[in-house]
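In what follows, every heavy atom counts, from backbone to side chain, and hydrogens, waters and symmetry copies are set aside.
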Amino acid sequence: MSDNARSTRWAAAIPWLFVLLWSSGFIGSKLGVPYAEPFTFLTLRYCIVLAILVPIALVSRAPWPQGRGQMLHVAFAGLLIHALYLSGCVWSLRLGLPAGILSLIVSMQPLFTAAFAGVALGERVLARQWGGLVLGFVGTALVVAHKTGSGLTFLMAVPAILSLIGITAGTMWQKRHCPAFDLRTSTVVQYAVSLVVTSVLALTTETMCVDWSGQFVFALLWVALVLSIGAISLLNHLIRSGTAVNVASLFYTVPAVTALMAWGIFGETLTGLSLIGMAVAVLGVWLARGR
């Protein structure tokens with residue numbers, strides 16, 4: 001096989017590898033959160049990531065973002081993608097928002113991205129892509145329909161809405177203002193500023209008590225290494241190499257893949273409606289990523 005063929009196959013595999021790794025983060029969080037409060041869990045996660053990435057960045061002498069402006073752009077994107085998005089998710093769950101509704105709210109990201117991509121990034125969204133985005137949302141709604149539960153209040157949904165804003169604005173901000181940067185040093189910057197936020201939230205709202213069980217250690221290492229380093233590196237690559245709409249559309253498949261993982265690992269119910277929703281969501285992503 002030629003190098004070009006290998007490169008093409010790898011490029012085609014990266015989006016779906018990202019979805020697989022990103023989806024596993026929800027499983028890892030479910031395994032770990034019973035043993036530590038949410039913001040404490042995120043704080044420990046970011047500490048581990050920085051303990052690994054800082055030496056790598058220093059030993060490899062990776063270039064840091066140039067100038068105060070570039071540093072601020074990278075840091076702000078990190079606050080939106082890591083601190084606001086993840087903190088909003090765990091905050092909503094802590095307030096009692098059903099996981100299905102949280103998934104549904106956050107899954108509106110591709111539609112929000114498409115709506116603002118023209119103004120913010122100068123990207124043109126084709127009719128076929130709009131159709132794919134709508135299909136993707138419908139498919140996601142079908143996947144999580146049986147998990148929505150009841151007792152929803154607006155207060156529960158506020159942090160989830162903030163998560164939606166964070167991941168949408170963060171990916172577009174990074175696409176526009178950080179088109180090229182070293183993944184090693186910029187990721188350090190992004191996690192460092194996010195650690196400040198989660199540490200303050202943990203210190204002011206939680207007891208910070210941790211039950212260091214084997215399951216918790218596994219979950220913590222999984223989300224730190226596989227998600228915060230592996231999946232985020234792939235996300236940064238996708239943001240740099242593709243359009244904002246193409247990248248955002250991948251998030252429609254996350255609830256479906258997560259549902260499959262939860263079915264295999266936790267024995268959660270997987271209904272026929274969910275299977276139909278998965279097929280519809282995949283079709284929507286295929287249409288949205290087409291040109």
Taking S92 for the side chain and M156 for the main chain, is one N or O donor matched with an acceptor at less than 3.5 Å?
-> yes
- Taking it one step at a time, do R45 and T198 satisfy side-chain contact (heavy atoms from CB on, under 4.5 Å)? CA-CA 10 Å; R45 170 178 169 177; T198 58; over 6 Å; no
OG1 of T171 to CZ of R176, rounded to nearest 0.5 Å, is 13.5 Å
Next on the checklist: Are the side chains of L84 and L79 in contact, using a 4.5 Å heavy-atom criterion?
Outcome noted: no
- request: Establish whether V200 and M208 are linked, either directly or via other cluster members, by ILVMFWY side-chain heavy-atom contacts under 4.5 Å.
  value: no
Here the gap from L21 atom CG to L225 atom CG, rounded to the nearest 0.5 Å, amounts to 11.5 Å
Closest non-hydrogen atoms of C89 and S163, given as atom of the first, atom of the second and distance, are N-OG, 2.9 Å
Q. How are the rings of F76 and W173 set relative to one another: parallel (under 30°), tilted (30 to 60°) or perpendicular (over 60°)?
A. perpendicular
Give a yes or no on whether the backbone of A202 and the side-chain of T40 come within a donor-acceptor separation of less than 3.5 Å. no
Is the number of heavy atoms from other residues, nucleotides or ligands under 6.0 Å of W22 CH2 greater than 12?
yes
Worksheet entry | Between F216 and F41, ring centroids under 6.0 Å | yes
Check your understanding: Would you say S228's side chain and V223's backbone share a donor-acceptor pair under 3.5 angstrom?
Key -> yes
The reported gap from SG in C47 to CG in L195 (rounded to nearest 0.5 angstrom) is 4.5 Å
Rounding to 0.5 Å, atoms CD (Q190) and CG (L80) come to a distance of 9.5 Å
For this session: May I ask you to decide if H82's main-chain N or O and Y46's side chain share a donor-acceptor pair within less than 3.5 Å?
Result: yes
| task | Would you please say whether a donor-acceptor pair under 3.5 Å links the side chains of Q109 and T168? | result | no
Discussion item. Given 3.5 Å as the limit, does a donor-acceptor pair link the side chain of E206 with the main chain of F39, or not?
Written reply: yes
Next on the checklist: Keeping S186 on the side-chain end and V74 on the backbone end, is there a donor-acceptor pair under 3.5 Å?
Outcome noted: no
dist Y191:OH -> L42:CG (nearest 0.5 Å) comes out at 10.5 Å
Under 3.5 Å, is there a donor-acceptor pair between the side chain of E37 and the main chain of T207?
-> yes
